[in-house]
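Okay, so here's the structure we're looking at.
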Amino acid sequence: VGRKRQRRVVVPQVQGTGGSSAVSKCSAAARGYIQDRFLRLLAGRRRRRAPLIHRGYYIRARAVDHCVQDFLLKTHSLPRTQILSLGAGFDSLYFRLKDMGLLHHTVVYEVDFPNVACQKATLIKRMKELSALVGHTGGEGLGAITFSGEDYKLLGVDLSELSELERTLEEAGLNNEIPTLFIAEVVLAYMENTRSDALIQWAAEHFPRACFLVYEQVHPEDPFGRVMQQHFSQLNSALRSLAQYPDCEAQQRRFLGKGWTECSVMDMNEFFTCCIPEDEQRRVQTLEPFDEYEEWHLKCSHYFVLAASKGMEPSWTPLLPSVTVPHHAGPVGVAGTVPAAVCARLSGLPGLRRYGHHSVLIKPNVILTTGGFGEENGQHCRMRNFHMLSKHAGYWKAVCVTQNIPDKRWGERLYHTVSCLSDTLALVVGGRTSPSSAGLGMLWLKFPETCNASDPDDVAVELVSLQPAAEAAALRWRHSTTEMTFKGEQYLFVYGGRSALEPVLGDWYFLHTPELSYTVIAVEGPVPESRHSHSACSWEGGVLIAGGLGAAERPLGSVFLLRELEHGFQWQTIETHPPLVPRYSHTAHVHEGKLLLVGGVWFHASSVPGITVIDLMTGLCLDYVINAEHLEWPLMLHNHSSVFLPNEKELLVIGGGGNCFSFGTHLNPEPVALSLSSILISH
């Protein structure tokens, strides 16, 4: 973001908005994500960013460093090489490489707009720690050269003026005949395509031995991509390349068609999985309390790293591995579409713009929504009040149940569960306030038999007093709580999730209802991998568990049935064909022997999850795309809740969305009805 904003409105001081990228990298370095003591000197100002931003800038820095250091390592035996960083802004790359002793025979050239280059040159001269590293040979003031050291040249040129760029680089000593690494880190996307294409082709034609490294955005048309595009447009910095080059394959074709002979490309989920060692992955995942997995993976699926090359030694051509995690070409066997529509004639207080909440059908046509993080009176906050939706004469009415709920009891919780045990009683299990807090225990919700949105009587909230053996069942979030039976008795099955101490849980509890006594029941069979953000449904007295996020923060594609036996239960794997694409943060429902998975997040960047229907008898797995063309806003189907209305064969999706990296918060503004009548044909 920062670099392009420097191009549009360059302020005299580095502290202006143009340095936001450097400030974010500086914040990530301060928290230990990246090792870079020079960022604080170049950023000018300091500001603590959120953990999600830290991860985003970590993966960006890691991808660029991976390719740069690979280039330097593989050309180490050559007498001379050079690096040309296009649109370098206030990047610290040269100083880090110099400090690490990696520039014995490499000259670094940095190019940016003249006013940016002048600001950076002034900074370098003023900071002894920087000027001592780079040395000084005079030479600046010669045309566009704003700073000149023995192995560092800082040039002020508009990248879109190719002839001027070529002349200035020649003046500064760039040698077309030696191996050259071009770096374009979030730069080309902001240029007119004809100009960025010309730059890519010029580099291929004029440098016989070269590599070209690109890091930038991708996938503009899915819901997250639309929010991303809108953000940059509002900054007057439109992403110009995305219409013509919307995905990784198009970018690869672009470079191969412009004179480059080899080209590897991967999105950042693939890069994190394939190119970062597992111990380093674990280190990063434990640096700060973190609970924004959906936004992290969506951000990573909307950025890519590309390494193209030509004329280099065949033994070391790829800067990126050519074998990546398997691509899914598209949802296997897309069986059709499901229409989405805003609820007809919905009236009453909105209050349903939220995520991390829970919605439950407490009686026919009456839905209670609790908790989450959302928007109320124009402010983003944790949601304390309950909301009731009820249907009368074919349309829904929403009201806020605003009784005084004591803070200590309700706790404004996210990622909890609510199980309806009768028309007048529901149980809240777990949830959290912040990711560093302990789980919030259990609450009874008691409501009168007449409770609906027309007459929203108070919902009484009471703390549940649990026996010590059952307390751990409640100190979790992103778990599931499912009604089940054993020997004719009713139980709740609490499974998985995470806690402040454990990033993923694989344990379970049987709680006998209604007194919630902890009961030990034998369970045999292969134990499912620990998971959170999975789905769980009651089926034939047992429990169906599908998907989830596993221990390495990778989506899971397994489906398990906890099946009743004579003396206990057995975990049984349900094989699906084609295999279920791994996902998490979805919702699920069972109808007439079919498991319906709604939305979620997957690493399958060419599309977003719609509705998957699994036939529990045959294992047949069919994907349906959700047609949201009649909605005036992007429909984000993660961190949502959904309620299945069997008589109408309709799903009501409530809330969903989240913090879209640095692009702003998107919350689905209204409940959406998904008509399933065409895909749930009774046999």
Side-chain angles (χ1 to χ4, degrees), residues 2-12 18 81-91 93-94 106-125 134 137-216 236-241 244 254-255 258-260 308 310:
R3 188 167 301 143
K4 183 57 187 178
R5 289 170 74 182
Q6 289 154 11
R7 286 164 168 65
R8 292 286 182 184
V9 187
V10 179
V11 295
T81 59
Q82 56 199 5
I83 294 173
L84 175 52
S85 181
L86 305 166
F90 295 95
D91 195 58
L93 177 69
Y94 163 78
T106 304
V107 179
V108 175
Y109 297 82
E110 290 187 348
V111 179
D112 213 310
F113 278 101
N115 38 15
V116 176
C118 286
Q119 288 180 55
K120 191 170 186 178
T122 302
L123 257 179
I124 294 168
K125 291 169 190 171
V134 73
T137 61
E140 69 269 9
L142 301 174
I145 303 171
T146 64
F147 193 96
S148 180
E150 189 177 333
D151 55 5
Y152 177 67
K153 316 287 180 185
L154 180 54
L155 315 176
V157 189
D158 185 338
L159 289 176
S160 62
E161 302 298 334
L162 201 48
S163 56
E164 187 187 342
L165 175 67
E166 190 172 5
R167 181 181 55 76
T168 304
L169 289 169
E170 192 178 333
E171 226 174 73
L174 193 74
N175 184 341
N176 294 30
E177 298 304 317
I178 64 175
T180 304
L181 172 62
F182 293 85
I183 302 174
E185 185 184 338
V186 197
V187 172
L188 301 181
Y190 302 117
M191 298 171 66
E192 295 286 355
N193 280 340
T194 52
R195 294 182 182 270
S196 55
D197 284 347
L199 181 60
I200 292 166
Q201 190 158 346
W202 166 81
E205 289 174 351
H206 287 75
F207 293 80
R209 292 185 292 166
C211 297
F212 205 122
L213 166 62
V214 177
Y215 174 89
E216 63 187 35
N236 202 21
S237 304
L239 301 174
R240 300 171 187 270
S241 67
Q244 192 170 343
R254 177 190 201 183
F255 274 80
K258 298 278 181 289
W260 298 86
K310 54 163 296 196

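- At least one side-chain heavy atom of L162 sits less than 4.5 Å from a side-chain heavy atom of L199.
- Counted within 6.0 Å of CD on E170, heavy atoms from surrounding residues, nucleotides or ligands total 12 or fewer; the atom is thus considered open.
- How far OH of Y109 is from OG of S148: 8.5 Å, rounded to the nearest 0.5 Å.
- Between V116 and F90, some side-chain heavy-atom pair lies under the 4.5 Å cut-off.
- Here the straight-line distance linking atom CD of E216 with atom CG of L188 works out to 5.0 Å at 0.5 Å rounding.
- A search for ring-ring contact (aromatic ring centres under 6.0 Å, His included) contacts involving Y215 returns Y303, not counting sequence neighbours.
- Partner of L165 under the side chain to side chain contact (heavy atoms under 4.5 Å, CB included) criterion, chosen from L159, D158, L155, L84: L159.
- Going from atom OG1 of T146 over to atom CD of Q119 covers 10.5 Å, rounded to the nearest 0.5 Å.
- R254 and S196 are linked by a side-chain donor-acceptor pair at a separation below 3.5 angstrom, with hydrogens and angles left out of the test.
- Between V157 and F113, the closest side-chain pair of non-hydrogen atoms is not below 4.5 Å.
- For the pair A117 and L154, the tightest heavy-atom approach, listed with the atom from each and the gap, is O-CD2, 3.5 Å.
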* Asked: Can you list the steps and then say if K153 with F147 is a side-chain contact (heavy atoms from CB on, under 4.5 Å)?
  -> CA-CA 6 Å; K153 316 287 180 185; F147 193 96; over 6 Å; no
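- P208 and E177 make their closest contact through CG-OE1, 4.0 Å (heavy atoms, listed as atom of the first residue, atom of the second, distance).
- In this structure, CG on L169 lies 10.5 Å from CD on E164, to the nearest 0.5 angstrom.
- Under the 4.0 Å criterion applied to side-chain N and carboxylate O atoms, K120 and E110 are assigned as salt-bridge partners.
- Interatomic distance, CD of Q244 versus CG of N193, reported as 4.5 Å (0.5 Å rounding).
- Residues satisfying the salt bridge (charged side-chain N to carboxylate O under 4.0 Å, His left out) criterion with E192, sequence neighbours excluded, are R240.
- A 4.5 Å side-chain heavy-atom check between I83 and T106 finds at least one atom pair inside the cut-off.
- Residues meeting the side-chain contact (heavy atoms from CB on, under 4.5 Å) test with Q201, sequence neighbours left out: E205, K258.
- A ring-ring contact (aromatic ring centres under 6.0 Å, His included) check over residues 157-189, counting only residues at least two apart or in different chains, returns the pairs F182-F207, F182-F212.
- Here the closest heavy-atom approach between residue A210 and residue W260 is recorded as O-CZ3, 3.5 Å.
- Separating the OG atom in S160 from the OH atom in Y190 is a distance of 15.5 Å, to the nearest 0.5 Å.
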* Test side-chain contact (heavy atoms from CB on, under 4.5 Å) applied to L93 and I183, step by step -> CA-CA 11 Å; L93 177 69; I183 302 174; 3.5 Å; yes
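- Qualifying ring-ring contact (aromatic ring centres under 6.0 Å, His included) partners for Y152, counting only residues two or more places apart in sequence or in other chains: Y94, F95.
- Partners of I178 by side-chain contact (heavy atoms from CB on, under 4.5 Å), not counting sequence neighbours, listed by chain and number: R80, Q82, N175.
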